[in-house]
There are 2 protein chains.
Amino acid sequence: MADFAQFCNRFFPLEKGVLDELVKNTQTKTFKKGEYILKDGQVCRHLFFINHGLAKSFFMKDGKEFIMRFFAEDFMFSVFDSYVQQTPSNYAIIALEDTTVTLISHDKMEELCKKHHGIEAFFRRLVSLVTIRMMKRISGMLEENAAARYTQFVTENKDIIQRISLGDLAQYLGITQQSLSRIRAQK
Amino acid sequence: MADFAQFCNRFFPLEKGVLDELVKNTQTKTFKKGEYILKDGQVCRHLFFINHGLAKSFFMKDGKEFIMRFFAEDFMFSVFDSYVQQTPSNYAIIALEDTTVTLISHDKMEELCKKHHGIEAFFRRLVSLVTIRMMKRISGMLEENAAARYTQFVTENKDIIQRISLGDLAQYLGITQQSLSRIRAQK
DNA sequence: CCTGTTTTTTACCATATGAGAAAAAATCAC
DNA sequence: GTGATTTTTTCTCATATGGTAAAAAACAGG
């Protein structure tokens, strides 16, 4: 069971009092497998941290589902476009397993960012790392075909790969599940 | 000719003295068409702002070029993975036209972020918007085929589209220039 | 343990895009 | 302005992936 305060200490150490204030302003929620953590069309009003479980963010287009990312234990995330702009989200988040999350509300977080320079810096670091991950994703999508992206995803996500269905993984890779099944068969 | 201070004021207003301090710590450089603004393998030690001109960031793989982004006037950017981690860059930046940039060094910027909460917040906003753009790019690459991505790029970049070669645009879209030529022909 | 549901695999054909080569057009340098 | 270079187009064929359908396998609930 990942702990949010511990995560923070590893991620970006804050002064004791500041960390306490941050943690004090979180709440915890549990979602059953298959439940929406965020529905598309809603404004994403929280940062999330996964204590336990697995989730995906995704969107639909022409009846097809496309997966932006999987989120597992000890990971902090949000739907950043909706969160930052406080506009309705094009993406939804669903729990793929029974999942417990720690939440910080946008308004509180903005308030804390203004109040504590350290939390602002924490947040900058968080978004910076998100950016770096997205750069890698874009590079991978440009340079590699589906088979190579699959192999890479497997090697980089050994820990969660068994927990993700073939269909979900295919939609993350941007191919049909039939194609992914074919790719797997060719090994 | 875009002005950096004006850009800042529009982007994220800082206190007068703070903005002055930021601007005072910039320098200006000019690159001829075709010159490297950053070579891959180098650590990206600056944030960039384009006063005038056009540039692309890209990487090579198996002799093929893949373009991450184009940067035109009045735009602030960096190679964020290399910049944030201060590690050698996998990406290079080349001027596509004679280009003038305003630079802020990483070390100075970090110093200013520590010193002025406002600059930290400025930077958070900058990285947040980068993240949002990258989310859009990833969505687009997942959901749309090359023809649709081309159409969308054109409509969203009317201003610079005539300045980008077909080959470069193809490599941004993740297809060959022959394919893009074919797509264009079908309109 | 059995039954219904979901997930994965397989097969067939259609289509988008890639690779290589070469022609045509546009641009650049002197 | 002219020749050289670069960019764009066109062509042909190969391949990866999509779409549809259906079978097989795995899983879930009573």
Side-chain angles (χ1 to χ4, degrees), chain A residues 32-35 53-54 56 58-67 70 94-99 138-154 160-187, chain B residues 31-35 53-56 58-67 70 94-99 138-154 160-187:
Chain A
K32 285 239 176 307
K33 173 173 175 172
E35 276 186 336
L54 183 66
K56 67 177 175 187
F58 67 98
F59 62 100
M60 304 297 296
K61 166 80 184 274
D62 300 336
K64 279 173 287 183
E65 182 182 315
F66 299 91
I67 294 183
F70 300 102
I94 274 189
L96 295 175
E97 305 171 352
D98 292 355
T99 297
I138 293 168
S139 298
M141 292 175 84
L142 285 174
E143 72 184 311
E144 310 281 18
N145 63 16
R149 294 204 302 279
Y150 167 69
T151 312
Q152 183 158 3
F153 186 90
V154 171
I160 56 165
I161 194 77
Q162 328 83 320
R163 297 156 66 188
I164 297 173
S165 77
L166 175 133
D168 277 345
L169 182 47
Q171 280 140 1
Y172 175 85
L173 296 172
I175 57 177
T176 61
Q177 68 181 45
Q178 290 88 330
S179 293
L180 181 51
S181 182
R182 178 163 43 196
I183 285 167
R184 266 190 184 169
Q186 280 161 0
K187 305 255 155 179
Chain B
F31 297 89
K32 285 238 177 310
K33 173 174 176 172
E35 276 186 334
L54 183 66
K56 66 177 175 186
F58 66 99
F59 63 99
M60 304 296 296
K61 166 82 184 272
D62 300 337
K64 279 173 287 183
E65 182 182 316
F66 299 92
I67 294 182
F70 300 101
I94 274 188
L96 295 175
E97 304 172 351
D98 292 355
T99 298
I138 293 169
S139 297
M141 293 174 83
L142 284 173
E143 73 185 310
E144 309 281 18
N145 62 16
R149 295 203 302 281
Y150 167 69
T151 311
Q152 183 159 1
F153 186 90
V154 171
I160 56 165
I161 193 77
Q162 328 82 322
R163 297 156 68 188
I164 297 173
S165 77
L166 174 132
D168 278 345
L169 181 47
Q171 280 140 1
Y172 175 85
L173 296 172
I175 56 176
T176 61
Q177 68 180 43
Q178 291 90 328
S179 292
L180 181 52
S181 182
R182 181 163 39 196
I183 286 166
R184 266 191 185 170
Q186 280 162 1
K187 305 256 155 178

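Just so we're on the same page: letters track the sequence lines, and every chain starts at 1. As the structure is a computational prediction, the values presented were derived from the model and not from experiment.
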Encode nucleotides 20-29 of chain C as B, S and - characters from 5' to 3', where the letter depends on protein heavy atoms closer than 4.0 Å: B to the base, S only to sugar-phosphate, - to neither.
BB------S-

Contact between [X] and [Y] at the side-chain level, heavy atoms closer than 4.5 Å - yes or no?
X         : Y         : answer
Ile67(A)  : Leu169(A) : no
Leu142(B) : Phe58(A)  : no
Lys64(A)  : Glu143(B) : no
Ser139(B) : Phe66(A)  : no
Arg163(A) : Leu96(A)  : no
Thr151(B) : Glu144(B) : no
Ile183(A) : Leu173(A) : no
Lys56(A)  : Asp168(A) : yes

Can you give the first and last nucleotides of DNA chain D, 5' to 3', that have an atom under 4.0 Å from a heavy atom of chain B?
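Nucleotide range in contact with chain B: dT8(D) to dT10(D).
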
Short heteroatom pairs, N/O only, protein and nucleotides 12-18 of chain C, under 3.5 Å:
from: dT17(C); atom 1: OP1; to: Ala146(B); atom 2: N; distance (Å): 2.8
from: dG18(C); atom 1: OP1; to: Gly174(B); atom 2: O; distance (Å): 3.4
from: dG18(C); atom 1: OP2; to: Thr176(B); atom 2: N; distance (Å): 3.1
from: dG18(C); atom 1: OP2; to: Thr176(B); atom 2: OG1; distance (Å): 3.3
from: dG18(C); atom 1: OP2; to: Ser179(B); atom 2: OG; distance (Å): 2.6
from: dG18(C); atom 1: N7; to: Arg182(B); atom 2: NH2; distance (Å): 3.1
from: dG18(C); atom 1: O6; to: Arg182(B); atom 2: NH1; distance (Å): 3.3

Which whole-number value in Å describes the distance from Arg184(A) CZ to dT9(C) C1'?
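Rounded to whole Å, this separation is 11 Å.
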
Euclidean distance, atom CD of residue Glu65(A) to atom C1' of dT7(C) [Å, nearest integer]
14 Å

Would you give the length of the straight line joining atom [atom1] of [X] to atom [atom2] of [Y], rounded to the nearest 0.5 angstrom?
X         : Y         : atom1 : atom2 : result
Gln171(A) : Phe59(A)  : CD    : CZ    : 10.5 Å
Gln177(B) : Ser165(B) : CD    : OG    : 7.5 Å
Lys33(B)  : Thr99(B)  : NZ    : OG1   : 10.5 Å

The helix from dC1(C)-dG30(D) to dC30(C)-dG1(D): angle between terminal helix axes, five bp per end, to the nearest 10 degrees, reads 60°

Step through the shown structure and confirm whether more than 12 heavy atoms of other residues, nucleotides or ligands are within 6.0 Å of NZ on Lys61(B).
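Atom NZ in Lys61(B) is packed in, count exceeds 12.
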
Note: contacts of residues 160-172 of chain A with DNA chain D (heavy atom, under 4.0 Å) are none

Among all residues two or more places apart in sequence or in another chain, which pass the side-chain hydrogen bond (donor to acceptor under 3.5 Å, both in side chains) test with Ser179(A)?
Thr176(A), Arg182(A)

Under a 3.5 Å distance rule, please check whether Asp98(A) uses its side chain to pair with a backbone N or O of Lys32(A) as donor and acceptor.
no

Does the plane of the ring in Tyr172(B) sit parallel, tilted or perpendicular to the ring in Phe70(B)? Use 30° and 60° as the thresholds.
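It falls in the tilted class, 30° to 60°.
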
